[in-house]
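These notes are about the structure you will find just below.
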Amino acid sequence: MTYILQLITAGLAVGSVYALIAIGIVLIYKCSGVVNFAQGAFVMMGAYLTFAGSRLGLPPALAVPLALVLMAGIGVLAERVVLRPMLKAPVVAVMMVTLGMLIMIRASCLAVWGPDPLAFPRIFPDGALEVFGVFITYNYLTAGVLSILLSLGFLGFYRFTPVGLMQRCAADNPRAALAIGIHTSNQVSLAWALSAGLAGGGGTLLATLNGLSLGLADIGLIAFPVIVLGGLTSLGGALVAGLLLGLLQSFTDGLLSPMIEDLLRAHTTIYSVGALQQVVPYTLLVAVLLLRPQGIFGRKGSERL
């Protein structure tokens with residue numbers, strides 16, 4: 001039972017970070033109808049900027065907020081310089097541009113910091129907390145709690161503040177929003193800024209758990225099954241789906257993989273199933289697309305022809 005609780009806590013901690021990153025993707029999709037493939041690059045860049053701030057001597061209390069502000073600026077810059085000129089381009093073309101942004105940002109980080117993993121500065125204290133016999137490291141505990149608080153805080157901001165109301169108006173009906181005086185292009189820029197900031201925060205938290213490397217950019221690929229599971233237009237669905245996927249990966253790695261490997265060793269010459277937990281998100285993605293394409297919390301759309 002203790003081992004199960006250990007898997008649950010680890011899965012919730014990682015899943016909450018997945019959710020934080022996925023919320024940013026959903027936000028951009030709601031405002032512009034574009035799936036941002038560069039979100040993984042924003043995750044990686046946020047972690048590297050925090051690392052750079054620490055190397056310059058800034059304490060974590062300053063390095064992390066500064067990195068988030070810089071990421072928000074990068075998000076606005078990407079929208080204004082790269083994506084706004086493609087306003088009337090096909091959606092597929094815009095998505096390909098975001099994929100190009102992913103490659104460019106990753107190449108830039110490679111040129112500046114090199115290909116080798118780096119030791120991420122300690123942000124949270126060492127040690128672990130024991131709860132009902134389960135030892136939870138402060139890294140996992142703090143990362144999970146902060147991710148959930150940031151996600152809930154953003155959802156509250158989006159739902160209950162005047163700026164959030166303008167965001168929702170611009171996303172739901174841009175023409176009506178323009179008619180009542182809402183500058184929709186500014187709202188799209190704000191969405192990109194918030195999305196990049198959330199991604200940067202998620203990247204910093206992931207780096208505290210798994211270290212700093214270029215591989216952080218791949219986390220964007222895991223975020224896509226999260227948004228499909230929760231629903232492409234559901235911010236709350238992204239939060240729930242992220243937690244579910246984190247739990248599923250944790251149980252796959254801690255229970256399912258060892259069971260399958262023991263079975264294979266007993267009857268075959270195969271001794272390992274590899275990183276089976278990395279396959280789970282995409283298996284889930286295919287299943288959701290087949291059974292409920294709109295996701296758990298999504299709505300079926302209709303279009304008059």
Side-chain angles (χ1 to χ4, degrees), residues 19-43 45-46 71-105 151 154-155 157-159 161-202 220-221 223-239 241 293-295 297-303:
L20 184 65
I21 297 167
I23 285 173
I25 300 177
V26 173
L27 179 63
I28 289 178
Y29 183 81
K30 284 173 68 69
C31 276
S32 60
V34 174
V35 177
N36 179 25
F37 286 104
Q39 191 76 348
F42 291 159
V43 171
M45 178 66 81
M71 285 308 306
I74 290 172
V76 173
L77 186 66
E79 191 277 329
R80 292 288 179 97
V81 176
V82 179
L83 296 167
R84 185 166 296 189
M86 301 190 66
L87 189 61
K88 296 184 179 180
V91 174
V92 174
V94 180
M95 290 168 59
M96 291 301 100
V97 168
T98 65
L99 183 60
M101 287 170 53
L102 165 64
I103 297 171
M104 289 176 60
I105 294 174
S151 298
F154 175 78
L155 294 179
F157 161 82
Y158 194 78
R159 178 67 179 84
T161 66
V163 176
L165 177 60
M166 288 190 289
Q167 282 276 301
R168 286 184 283 126
C169 288
D172 293 340
N173 196 326
R175 290 185 179 180
L178 281 171
I180 61 175
I182 296 175
H183 203 306
T184 55
S185 61
N186 286 347
Q187 295 304 317
V188 173
S189 295
L190 177 60
W192 275 85
L194 293 171
S195 177
L198 291 174
L221 298 177
F224 290 116
V226 172
I227 63 173
V228 171
L229 176 61
L232 277 170
T233 58
S234 175
L235 294 169
L239 175 58
Q294 71 271 28
F297 298 95
R299 297 178 182 177
K300 290 184 177 180
S302 61
E303 184 176 351

Atom [atom1] of [X] and atom [atom2] of [Y]: how far apart are they, to the nearest 0.5 Å?
X      : Y      : atom1 : atom2 : value
Gln39  : Ile227 : CD    : CD1   : 9.0 Å
Leu235 : Leu155 : CG    : CG    : 6.0 Å
Ile25  : Lys30  : CD1   : NZ    : 14.5 Å
Met104 : Leu99  : CE    : CG    : 12.0 Å
Ile182 : Thr184 : CD1   : OG1   : 9.0 Å

Could you tell me whether Met96 atom CE has more than 12 heavy atoms of other residues or ligands within 6.0 Å of it?
yes
Heavy atoms only: give me the nearest [X]-[Y] pair and the separation to one decimal.
X      : Y      : result
Ala19  : Ser151 : C-OG, 4.5 Å
Val226 : Ala241 : O-CB, 3.3 Å
Phe42  : Met71  : O-CE, 3.5 Å
Ala223 : Ala22  : O-CB, 4.1 Å
Thr233 : Val26  : C-CG1, 3.8 Å
Ala170 : Pro174 : O-CG, 3.4 Å

With side chains defined as the heavy atoms from C-beta onward, is the minimum distance between [X] and [Y] less than 4.5 Å?
X      : Y      : value
Val94  : Leu83  : yes
Trp192 : Ile28  : yes
Tyr158 : Leu194 : no
Asn36  : Tyr29  : no
Arg159 : Phe154 : no
Ile21  : Leu198 : no

Restricting to pairs with a member in residues 163-178, which pass salt bridge (charged side-chain N to carboxylate O under 4.0 Å, His left out), not counting sequence neighbours?
none
Spell out, as yes or no, whether a donor-acceptor pair under 3.5 Å connects the side chain of [X] to the backbone of [Y].
X      : Y      : value
Ser195 : Ala191 : no
Gln187 : Cys31  : no
Thr98  : Met95  : yes

Indicate the ring-plane relationship of Phe224 and Phe37, choosing parallel, tilted or perpendicular according to the 30° and 60° boundaries.
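Aromatic pair Phe224/Phe37 classed tilted.
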Under the side chain to side chain donor-acceptor pair (under 3.5 Å) rule, what pairs show up with a residue in residues 84-95, not counting sequence neighbours?
Glu79-Arg84, Arg84-Ser189
